[in-house]
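The structure under discussion appears below in the form of structure tokens.
Order of the sequence lines sets the chain letters (A, B, ...), proteins ahead of strands, with each chain counted from 1. It should be emphasised that the depicted structure is a prediction, and the values quoted were computed from it without experimental measurement.
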There are 2 protein chains.
Amino acid sequence: MRILVVEDERKVGEELRRALESAGHVVEQARDGETAWFLGDTEDFDLAVLDLGLPRLDGVQVLKRWRANGRTMPVLILTARDGWSEKVECIDAGADDYLVKPFRIEEFMARVRALLRRATGHVSAKLSLGDVVVDTRISRVLMGGMPVDLSPMEYRLVHYLMHHVGRAAPQIELTEHIYAQDFERNANAIEVLVARIRRKLGDDFIKTRRGYGYYVGELDEGEGKP
Amino acid sequence: MRILVVEDERKVGEELRRALESAGHVVEQARDGETAWFLGDTEDFDLAVLDLGLPRLDGVQVLKRWRANGRTMPVLILTARDGWSEKVECIDAGADDYLVKPFRIEEFMARVRALLRRATGHVSAKLSLGDVVVDTRISRVLMGGMPVDLSPMEYRLVHYLMHHVGRAAPQIELTEHIYAQDFERNANAIEVLVARIRRKLGDDFIKTRRGYGYYVGELDEGEGKP
DNA sequence: CGGCGGTCGTCAGCCAATTGTCATGCGCGC
DNA sequence: GCGCGCATGACAATTGGCTGACGACCGCCG
């Protein structure tokens, strides 16, 4: 998943980044409100983590502007203050969850997991489709009850597709959500990755829609041709 | 055992944590109702200790929500009020035991033991896996009945892994659980530690899942919360 | 105080798994 | 049937993890 972390304290930001990345996410960072607003408004994220005490543009304002522009990704608010009224303001502004500093990194990760799966309509930490199950808590994939050994990159790709069952994801989108941002995009890398996954999960788990991208499950109704 | 302690008074919370940890348990803490609810809902615990007078979301409500979501771990209620009707409400909400503050720590621990025993059928201060036994009461490790001399750091790492059998723990997570918080993280330190433990406990006790982390036992087949 | 033994982080070099790149060939969809 | 987009096998680069050596540090003890 691609996650935007907005946090002005470098040390905290780096810690969050490390934790998120070791769970297989792609992290982009911003250290001030304006950058945050711009990034969140112009790029596609699966989740935003937003500190309230920001230079140049307050966190709540950033959130409000995102929502005003129709950005719908889940937002997890971080704050040092534990104020009831501030919390209400955030919720009204469209925050999805709220975490008071200091917090334990495990709790942070638990909330991230909760938001990510809530956002895509899944209720549990497991995504399943046919006889394939992705357990996001332990980063593991099972097929027919048997564990399948996926490498980290392979896992990321499967994880992303499983969050978007029935929708064809173009290679460029996969690239953006799986690799760090400055990655030199080469479509073939994704193709190779898909081929390797198919060797492990079967040829028909990841399907191709020529010209549109890859998908799992059945294509949604209305994915008609233009 | 992994225990969730929900207590808003920092001092009491820390005391409970110390007592539980020195009995060989792993403790996670929450200081308000919402955090408690999230943690208990998204992670697995063998027991929850729940104070009633919580900020942001009352203890009884937390308990009700857990039960409503199908969480079944035993719950020990702590309260300053000694009301008959309140107790009935808690029991109805799904509490397993009820302790009125102030209490002696010994009594608390006795009730914890009782609940754990009831829940798991057995409870001891020993974790064992194959021919390796970790006796958390005296902080020692035995292999095939013979004591093995582990240094403090080595012991902590083994102890942590034994509490999470079957799950690959990333180096970052190990670092956070083994060292003091602001420790300058260097992945190689963990690798070296693992190498030293392998020399003492055998090469195949701690296994590596490349890109994901270290684990003991067999990798989880992913059972747990549906 | 000074030597000793044990602990533990750092470093550099090595190895192997992972992952990107390339060349080539196939086949889907128009 | 044609051509572009995708698939694939081989290969190379990169990364993650392992190890032996080293030295800083600390507590102990004479």
Side-chain angles (χ1 to χ4, degrees), chain A residues 18 21-24 26 139 141 148-161 168-216 219 223-226, chain B residues 139 141 147-161 168-180 182-215:
Chain A
R18 264 197 309 273
E21 285 183 345
S22 76
V26 173
S139 299
V141 172
V148 180
D149 241 344
L150 293 191
S151 75
M153 279 296 154
E154 291 162 2
Y155 175 80
R156 284 197 199 185
L157 182 41
V158 169
H159 183 240
Y160 184 82
L161 289 176
Q171 298 179 347
I172 181 76
E173 176 183 332
L174 294 173
T175 307
E176 278 164 2
H177 285 258
I178 286 174
Y179 297 105
Q181 82 184 141
D182 51 343
F183 185 77
E184 189 189 317
R185 288 123 207 271
N186 176 335
N188 193 233
I190 297 289
E191 291 162 15
V192 172
L193 214 44
V194 168
R196 285 175 183 146
I197 295 167
R198 283 179 173 151
R199 223 167 291 150
K200 296 181 181 176
L201 293 180
D203 278 347
D204 46 359
F205 176 64
I206 296 182
K207 283 158 270 197
T208 305
R209 181 155 180 241
R210 232 182 137 75
Y212 292 88
Y214 297 103
Y215 65 99
V216 296
L219 272 182
E223 281 259 340
K225 298 151 194 182
Chain B
S139 298
V141 172
V148 181
D149 220 6
L150 292 191
S151 75
M153 280 293 149
E154 291 162 3
Y155 176 79
R156 282 204 217 178
L157 182 42
V158 169
H159 182 248
Y160 185 81
L161 289 177
Q171 298 180 345
I172 172 86
E173 177 183 330
L174 295 172
T175 308
E176 276 160 7
H177 282 266
I178 286 175
Y179 298 108
D182 49 349
F183 185 79
E184 191 190 320
R185 292 125 210 271
N186 177 334
N188 192 234
I190 296 288
E191 291 161 17
V192 173
L193 212 45
V194 168
R196 286 175 181 145
I197 294 168
R198 282 179 174 152
R199 229 167 285 149
K200 297 180 182 176
L201 294 179
D203 278 349
D204 46 359
F205 177 63
I206 296 181
K207 283 159 271 197
T208 305
R209 198 175 158 218
R210 197 186 162 89
Y212 293 96
Y214 297 102
Y215 65 98

**Request:** Give the nucleotide from the list dT10(C), dC8(C), dG20(C) with an atom nearest to the side chain of N186(B).
**Result:** dT10(C)

**Prompt:** Picking from dA7(D), dT19(C), dG16(D), which would you name as closest to the side chain of S151(A)?
**Reply:** dT19(C)

**Asked** Does K200(A) pair with E154(A) as a salt bridge, N-O distance under 4.0 Å?
**Response** yes

**Message:** So Y214(B), base contact, sugar-phosphate only, or nothing? Heavy-atom distance under 4.0 Å.
**Reply:** sugar-phosphate

**Complete:** Separation between CE (M153(A)) and OH (Y179(A)), nearest 0.5 Å, reads 5.5 Å

**Asked** How about T175(A) and N186(A): do any of their side-chain heavy atoms sit closer than 4.5 Å?
**Response** no

**Prompt:** Looking at side-chain heavy atoms only, is the closest gap between I190(B) and Y214(B) below 4.5 Å?
**Reply:** yes

Whether [X] contacts [N] is assessed here as follows: a side-chain N or O lying under 4.0 Å from the phosphate OP1 or OP2. Is that the case?
{"X": "Y212(B)", "N": "dG16(D)", "answer": "no"}
{"X": "Q171(A)", "N": "dC6(D)", "answer": "yes"}
{"X": "T208(A)", "N": "dG5(D)", "answer": "no"}

**Asked** Mapping R210(A) and L193(A) onto DNA chain C by nearest heavy atom, which one lands closer to the 5' end?
**Response** L193(A)

**Message:** Please tell me whether T208(B) and R198(B) have a donor and an acceptor in their side chains that are separated by less than 3.5 angstrom.
**Reply:** yes

**Request:** Considering non-hydrogen atoms only, spot the tightest contact between G211(B) and P152(A) and give its length.
**Result:** CA-CG, 3.8 Å

**Message:** Treating primed atoms plus P, OP1 and OP2 as sugar-phosphate and everything else as base, which nucleotides of nucleotides 8-14 of chain D get B, S or - for protein heavy atoms under 4.0 Å?
**Reply:** BS-----

